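Worksheet: one structure, shown below.
Reminder, nothing fancy here: chain letters follow the sequence lines and each chain counts from 1. Computed from a prediction, not measured in an experiment: that's the story for all the values here.
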Amino acid sequence: MALDTGDTAFIIICTALVMLMTPGVGLFYGGMVRKKNLISMIALSFIAFAIVSIQWVLLGYSLSFGTDICGFIGGLDHIGLRGVGLDGEGIPDLLFMAFQLVFAGVTLAILTSGIAERIKFSSFIVLGLLWTTLVYDPLAHWSWGGGWAHSLGALDFAGGTVVHISSGFGALALALVIGNRMDYGKYSMEAENITTTLLGGALLWFGWFAFNAGSALSANGTAVNALVTTNISASAGAITWMAASWLKGKPSSLGMISGAIAGLVAITPGCGFVSPMSAIFIGGFAGLLCYGALLFRVRRGLDESLDAWAIHGMGGLWGAIATGIFASAAIGGVDGLIYGNANQFFIQILDASVAVAYAFGMTYLLAKLVDKVMGLRVTEEEEYVGLDISQHGESTTA
Amino acid sequence: MALDTGDTAFIIICTALVMLMTPGVGLFYGGMVRKKNLISMIALSFIAFAIVSIQWVLLGYSLSFGTDICGFIGGLDHIGLRGVGLDGEGIPDLLFMAFQLVFAGVTLAILTSGIAERIKFSSFIVLGLLWTTLVYDPLAHWSWGGGWAHSLGALDFAGGTVVHISSGFGALALALVIGNRMDYGKYSMEAENITTTLLGGALLWFGWFAFNAGSALSANGTAVNALVTTNISASAGAITWMAASWLKGKPSSLGMISGAIAGLVAITPGCGFVSPMSAIFIGGFAGLLCYGALLFRVRRGLDESLDAWAIHGMGGLWGAIATGIFASAAIGGVDGLIYGNANQFFIQILDASVAVAYAFGMTYLLAKLVDKVMGLRVTEEEEYVGLDISQHGESTTA
Amino acid sequence: MALDTGDTAFIIICTALVMLMTPGVGLFYGGMVRKKNLISMIALSFIAFAIVSIQWVLLGYSLSFGTDICGFIGGLDHIGLRGVGLDGEGIPDLLFMAFQLVFAGVTLAILTSGIAERIKFSSFIVLGLLWTTLVYDPLAHWSWGGGWAHSLGALDFAGGTVVHISSGFGALALALVIGNRMDYGKYSMEAENITTTLLGGALLWFGWFAFNAGSALSANGTAVNALVTTNISASAGAITWMAASWLKGKPSSLGMISGAIAGLVAITPGCGFVSPMSAIFIGGFAGLLCYGALLFRVRRGLDESLDAWAIHGMGGLWGAIATGIFASAAIGGVDGLIYGNANQFFIQILDASVAVAYAFGMTYLLAKLVDKVMGLRVTEEEEYVGLDISQHGESTTA
Amino acid sequence: MKRVVAIIRPEKLNDVKAALEEKGYFAMTVHEVKGRGAQRGICLQYRGKQIKVDMIPKVEIEMVIGDSDVHPVIDTIKQNARTGKFGDGKIFVSPVEIVVGIRTDDEIIS
Amino acid sequence: MKRVVAIIRPEKLNDVKAALEEKGYFAMTVHEVKGRGAQRGICLQYRGKQIKVDMIPKVEIEMVIGDSDVHPVIDTIKQNARTGKFGDGKIFVSPVEIVVGIRTDDEIIS
Amino acid sequence: MKRVVAIIRPEKLNDVKAALEEKGYFAMTVHEVKGRGAQRGICLQYRGKQIKVDMIPKVEIEMVIGDSDVHPVIDTIKQNARTGKFGDGKIFVSPVEIVVGIRTDDEIIS
Ligand SMILES: Nc1ncnc2c1ncn2[C@@H]1O[C@H](COP(=O)(O)OP(=O)(O)O)[C@@H](O)[C@H]1O
Ligand SMILES: Nc1ncnc2c1ncn2[C@@H]1O[C@H](COP(=O)(O)OP(=O)(O)O)[C@@H](O)[C@H]1O
Ligand SMILES: Nc1ncnc2c1ncn2[C@@H]1O[C@H](COP(=O)(O)OP(=O)(O)O)[C@@H](O)[C@H]1O
């Protein structure tokens, strides 16, 4: 098959849109921290993207998509983009590389939730490089690079496991290692810049269309199905989370946008496999589940500060399982539980569970290691003053 | 005709860009209200999009594009997306559905102008669902779904009537029912967050390219003509409004961006039918007309707060008529007045007039109804404190 | 060759993305000035885009892409878009015109760096029209419209010379003519709205994918190469600038984003000619060079306020030369110095030097002229109060 | 000399400014503040339970004036800031011992 | 009447407010300020050299109260704003001669 | 003890801060305010008509100091905040009766 201009145009533009999700995460998170850490939060996303960009072309792509080694990791055959050329099937191989790059970038950005307002900037760079190499790259290989999960038949259309479970449970592990923010639970630490969060959320919703539809790698019916299920799930999640939180008080805009992200996360693994009507349920339930997870986390006094675990981790887990329930052969070629294929359901649970365990465990180890060697956390004085000044020497009025 | 990857890629991406217009409206409006209602304004746009997304796949699409009933409304044959599949001509039917969905979403967001800073959030949800079902869906059917306007030969390339007249005159009706903001006219209620408005305006201009060009439903010459006329009209509108307001004082940035939106609105119905040189005139005149409409509204002491009527309503009306004047068979297959086809001119006037009357009247009725049943407006205390706190329990520093 | 839907879709969307870069520049700059000039900075970008949009369709496109006159300028054959139709090779001619239009718009926006916080708004409009006509249009003709640089074989894939050298050295000339800001050097004039700058930078990075990849004018391998080199160079620039500034103090987010822009600028002329691995070097060195240029400028007490010269001027110069060094026939058909083709290296230096001299000299003359006739600069009182109030009669809280 | 501090509704600032200007009192410094008064903020009925919104945005006007100007200023502010509803605000007067003009270098001691 | 001005840590505001409320002191005006104290801000070790961060965000509470309330209020604030670390803040008390209620038109002269 | 309040140009804050620091006066609280002085703001010529821009951003420095420090502090501020043009600002001094250190629990009564 030769190159196709429609497909190539599609994936180039999708790459751009997904790239925008990384600053989107920065803005989304930045609005939820105290103002003294607003720059820091956005800067973490930017630097995450920059270092992953370089790591990916030098090493990461090869680890994920190089020749399979024992189902666990890719070989070094594509190091420095060796053999990744401008031809390919439908789209150039190099474009596939670029599209995967922006996924790796945004995943590291999501992870910053767990260390918000207290991470040492230099340590984050080291930790980030280790994490993307030892957590993200293997997980990408397992699902998409020909690893064991792929062989097993596990379905992950656009990264429910690779992107969201990995970063969500990773953030949880980070939060446990780095510890709660100073005075967490004693003083309220409310979102101080909600407009910024809503803007970031809008950019995420926007980019997510490309994230999910682009994962078809071709401008075809599957991409369209992904587009439609994505939007439905996001909307359903926004509505259910908001409704649930309404019962407990007022319908906050943060609840609405968090629900939308929950819906987007949950549909990610299944968007090319399930029908639009299933997406209403997947997204709607995600809104409730992730809201519940958030409340649970708060009750446990655990400062996984911006809820990557509750939203991306739990939403991704639900999405992986939901794919096993709702997948329909008419849409993506594979049936799920409700169409009588219990097998797929168990495969999904297995795949997701291993990912949860690996992401959590490995992140925990890496965080402990970096903490030992160079210290993960800023000093108390630096935390009090805020990371904007203490890490970047900057401050901003908005 | 089979699917075309170029066209499919085009419309998927256009759908994403048009989606971004909804938060764009929220930011655009949010910057123009007092800070205590900034979150509220953005939240209204988000929730508008979320509820329309669900309404559209369950019911709305069918009402608009189902089998025609008496030229007035579509049948229920596509309820729950029944029969809306992944094949189609050029682009999958499901993609057409999604592209139309984002139009319905942004239209409801535009409507929030008329109730800014005083609407009860719960009432807006009910009103919004009724409005999109009983105002937007029929209008979309008339022009695009095979209704009477379509049969008559009325031209509306991208929604001058369906989107802008409906929301602009709808906003006027809402403002009349809900009444002026407390102390309106007594105290100045100036835009407090102009940067936010300019950002929103930028996202609107950006998305409008997809809104208008995408309405060709194919990446062809017509789409390109729409793209070019859109940008010209926006620029011309920005310049004339700014120039006109300059004569009365200073060239404000709000005038400039409002003029751009006026130009964008006015070219919307004709962008695929008129030549680039006509677009200079259409946009330039729109800037003056909508500025005049705004001044008129202010003089009348009418608090249609963010001027959806002046800009979208009057701009859309002018655009519909201008299409009848400047349409050129060489471009879109139909001639207008200046090419000797007075007939088209009268059709346009008829179509626009009916839309004005229907949108205004029906919105008025719906607003009265909701007001009776559950009250449209917050209490005086809640309005004084601001909707951010009273409706959402939130506040933001920027 | 007929029209191709994939290519057409690609360039329509790329046009939209590049359009968004203009407000992106406004936000990027706006965050770096004092709050009293924030609206002004964004408004300058918007108005730049609006006036260039009209100038381009009436005159500019013809001057750039009309029949060549002596290698210096295009003829008037395409005035008012005469003969620019909806057919073409791959993409419609009219789409090529639109894609070029958005380049001309953003270039004028970049120029506003040199006159920030002190330009008279009316004078900017006049100066902007003259500048785009007498500086941008000829330069575009030289490189892309069949002018002498093109005949010579100078390479400028996406505008290193046409866009960045022209605006960067132009900004330098403007800064010299208009003079330093009042009290520059006496008081610190730090960035007051860093979030806004980071958002603007994100939109620039996003749009730059379309800027560079779209310059292939087709969704093909060259476009993909441009996409990949662009992202790599941006990331490398972000990292090296940040690292260099880290040695002198703290790793500021402004340094990081400035480095990214430096990397984006530097890869612009070569993105379709050099390999991804060369891009690491080009971007990485750009980060260091532009940071050095900024320090040099500051030491010289020269108030080219937002560093268009250091970043776009010097980055563009380095990029033009780097293209002569790293170009590889395997990628873009032409070899550079490291592949033994010293000739290309000298052509690049010649082309860039002439552009530097012309842009600087001509801008200087135009600025002097406008200053004589109507005064470039606001009064001291107006500057003290800020341009938001004195030029636009507006103010904003964020 | 006296320092008059008036905490008023933000939407009344323009009226108060204009009225003071008319009486010849031009110089002032304005602070954006938040506050709550003795009647304890505003109570919103919300789904059965009451929500108390304290800390409402206010504007604090600070003016240093001669002793004999105190009552005219107080009266002007009072008349123009009043709506009759809770939250209209307060005026405080306190002594000032020295006033220095930075530009003119004059020093008034009272 | 006295004017009590307390400059405290922003994160202590809610505690202080609640404690005052409990004691019956409700009315107050709050300013967002920045400040540095006698121990000269916070020093950050940074790559060998010391960086001094002065001008830390603080909250200034302004309350006008009766003379006999001064000590109860000071004590309440002190107890609830203290962390024991540098930067806890200061309380200043100064005289107020006239207090006017804009809505009620009452004038208290002390 | 005295409370010195100086309203100055924002761009002069760093100079004033540095000069005070040199003289050993470190502690201060800073408010961002807007103000207009006796010369009635800035007048912009605009297309024939005059536009008056009042309410220009200023910075208000608040320092509580010992009685004998009042004049040194005033002089230092004056010298470093002056440009000689309208809008340089004012300094007000008023009495303070009690100063409490929240951390140290010391109370100075004057
Ligand atoms: N005793 C006080 N000390 C400090 N500020 C006060 C005091 N009383 C009122 N204020 C300020 O004045 C504002 C309005 O006061 P409020 O008591 O609501 O007015 P009213 O009693 O006229 O309804 C409050 O928000 C607060 O900022
Ligand atoms: N003499 C003073 N005048 C004005 N403000 C002061 C003074 N001393 C302290 N402050 C304010 O109080 C805040 C905290 O003071 P600080 O001296 O740090 O407290 P502590 O001495 O208890 O550590 C400062 O940031 C400043 O805003
Ligand atoms: N009498 C006053 N009361 C309160 N604030 C004042 C007073 N006079 C001046 N100010 C403050 O000082 C600022 C500068 O005053 P201004 O009169 O312009 O200085 P100058 O007289 O030296 O030119 C004003 O913006 C205002 O904030």
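A heavy-atom distance below 4.5 Å is not found between the side chains of V96(F) and V93(E).
Residue I7(E) touches chain F through both its backbone and its side chain, counting heavy-atom pairs closer than 4.5 Å. Residue K58(E) does not touch chain F at all, counting heavy-atom pairs closer than 4.5 Å. Heavy atoms closer than 4.5 Å to chain F are found in the side chain of V5(E), but not in its backbone. For a residue to count as touching a neighbouring chain, one of its non-hydrogen atoms must lie under 4.5 Å from one of that chain's; by this rule K2(E) touches chain F with the side chain only. Residue E60(F): no heavy atom, backbone or side chain, is found under 4.5 Å from chain E.
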- Task: Just do the side-chain hydrogen bond (donor to acceptor under 3.5 Å, both in side chains) check on H71(E) and E107(F) with the steps written out, would you?
- Result: CA-CA 11 Å; H71(E) 271 95; E107(F) 188 169 327; 2.8 Å; yes
- Given the rule in the side chain to side chain contact (heavy atoms under 4.5 Å, CB included) test, do R36(E) and E21(F) qualify, once you have shown the distances and angles that lead to the verdict? CA-CA 11 Å; R36(E) 60 186 194 186; E21(F) 200 172 330; 3.4 Å; yes
- Message: V100(F) vs K90(E), test: side chain to side chain contact (heavy atoms under 4.5 Å, CB included). Steps then yes/no.
- Response: CA-CA 6 Å; V100(F) 178; K90(E) 293 265 183 294; over 6 Å; no
- Evaluate the side chain to side chain contact (heavy atoms under 4.5 Å, CB included) criterion for residues M28(F) and M55(E): first the C-alpha distance (whole Å), next the side-chain angles of each, then the deciding distance (0.1 Å), finally the verdict. CA-CA 9 Å; M28(F) 62 170 66; M55(E) 295 309 172; 3.6 Å; yes
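Looking at R103(F), its side chain never comes within 3.5 Å of a backbone N or O of R82(E) through a donor-acceptor pair.
Separation of atoms CD1 (I56(E)) and OG1 (T29(F)) is listed at 12.0 Å; rounding is to 0.5 Å.
Residue K78(E) comes nearest to I102(F) through the heavy atom pair O-CG2, 4.0 Å, listed as atom of the first residue, atom of the second, then distance. Nearest approach of S94(E) to P95(F), heavy atoms of both residues: CB-O, 3.2 Å.
Of the residues considered (A6(E), G84(E), G89(E), G35(E)), G89(E) shows the highest number of contacts with chain F, using heavy-atom pairs under 4.5 Å. Contact tally against chain F (heavy-atom pairs below 4.5 Å) for I77(E), I91(E), D88(E), V33(E): the top residue is I91(E).
A salt bridge between R3(E) and E97(F) is absent, with no side-chain N of the basic residue lying under 4.0 Å from a carboxylate O of the acidic one.
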